[in-house]
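For this chain, numbers begin at 1 and follow the sequence in order.
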Amino acid sequence: QVQLVESGGGLVQAGDSLELSCVASGGTYGMFYMAWFRQPPGKEREFVAGLSWTDMNADYSDSVAGRFTISRDNVKNAVYLQMNSLKPGDTGLYSCAADIAPGSRWDSTAYKYWGPGTQVAVSS
């Protein structure tokens with residue numbers, strides 16, 4: 001089975017940077033679409049960024065475009081999320097998701113595999 005494990009979260013000040021990592025094992029990882037979602041406490045989960053391993057297309061939500069960058073390392077079977085100019089609104093549980101062909105890249109219900117998540121907190 002595909003397993004995903006995130007790391008790199010923490011508490012930072014507004015304007016700081018963090019890099020999240022998601023290491024995958026099992027499955028046909030190279031063919032998966034990989035995405036990052038986040039969920040603030042008490043709110044619904046939202047799409048943050050995604051990367052197609054076949055088309056090499058990167059997708060970003062409007063709220064993070066220009067500040068976040070998603071990338072991959074096929075040797076390490078990892079996907080990363082570089083987060084710059086962090087804002088308090090970026091606070092939440094960041095989870096890595098994967099699917100061979102999600103029906104909608106923006107929809108969390110379209111993904112089959114999930115990591116447990118890593119917490120990001122941004123103070124003002």
Rounded to the nearest 0.5 Å, what separation is found between the OG atom of Ser52 and the CG atom of Asp59? 8.0 Å
Residues in ring pair (Phe, Tyr, Trp, His ring centres under 6.0 Å) contact with Phe37, at least two apart in sequence or another chain: Phe47, Tyr111, Trp114
Which pair of non-hydrogen atoms, one from Glu19 and one from Tyr80, has the smallest distance, and what is that distance? OE2-CB, 4.1 Å
Nearest-0.5 Å distance, NZ of residue Lys43 to OG1 of residue Thr91: 12.0 Å
Derivation and outcome, side chain to side chain contact (heavy atoms under 4.5 Å, CB included), residues Met83 and Val48: CA-CA 11 Å; Met83 305 184 294; Val48 176; over 6 Å; no
Asp73 side-chain N/O to Ala78 backbone N/O, donor-acceptor pair under 3.5 Å: no
SG of Cys22 to CZ of Arg72, rounded to nearest 0.5 Å, is 14.0 Å
Evaluation steps, side chain to side chain contact (heavy atoms under 4.5 Å, CB included), between Tyr60 and Ile70: CA-CA 9 Å; Tyr60 300 96; Ile70 186 171; 3.5 Å; yes
Please tell me whether Leu11 and Leu18 are part of a single hydrophobic cluster in this structure, the criterion being side-chain heavy atoms less than 4.5 Å apart. no
Passes side chain to side chain contact (heavy atoms under 4.5 Å, CB included), Trp36 versus Val64? Steps please. CA-CA 11 Å; Trp36 287 95; Val64 307; over 6 Å; no
By side chain to side chain donor-acceptor pair (under 3.5 Å), which residues pair with Glu44, not counting sequence neighbours? none
Restricting to non-hydrogen atoms, name the atom on Ala110 and the atom on Gly103 that form the minimum distance, rounded to 0.1 Å. CB-N, 3.7 Å
Shortest non-hydrogen pair, Pro102 vs Tyr33, comes out as CD-CB, 3.9 Å
Kindly give the heavy-atom pair with the smallest separation between Gln82 and Asn84, and that separation in Å. NE2-OD1, 3.0 Å
In terms of hydrophobic clusters joined by side-chain contacts under 4.5 Å, are Val2 and Ile100 together? yes
Mind checking what makes salt bridge (charged side-chain N to carboxylate O under 4.0 Å, His left out) contact with Arg45, not counting sequence neighbours? none
Partners meeting side chain to side chain donor-acceptor pair (under 3.5 Å) with Asp107 (sequence neighbours left out): Thr109
Report the C-alpha separation of Phe68 and Ser61 in whole Å, then their side-chain angles, then the decisive distance to 0.1 Å, and conclude whether the side chain to side chain contact (heavy atoms under 4.5 Å, CB included) test is met. CA-CA 9 Å; Phe68 291 10; Ser61 67; over 6 Å; no
Please report the closest heavy-atom contact between Cys96 and Met34, naming both atoms and the distance. SG-CE, 3.6 Å
In this structure, OH of Tyr113 is separated from CG of Asp99 (nearest 0.5 Å) by 7.5 Å
For Glu46, salt bridge (charged side-chain N to carboxylate O under 4.0 Å, His left out) partners two or more places apart: Arg38
Please set out all donor-acceptor pairs under 3.5 angstrom arising from side-chain atoms of residues 116-123, sequence neighbours excluded.
residue, atom, partner, partner atom, Å
Thr118, OG1, Gly9, N, 3.1
Gln119, NE2, Gly92, O, 3.2
Ser123, OG, Val12, O, 3.4
Ser123, OG, Gln13, OE1, 3.2
Ser123, OG, Gln13, NE2, 3.4

Enter the distance from Asp16:CG to Ser85:OG here, rounded to the nearest 0.5 Å. 9.5 Å
Taking every heavy atom of Asp90 against every heavy atom of Arg67, the minimum-distance pair comes out as OD2-NH1, 2.8 Å
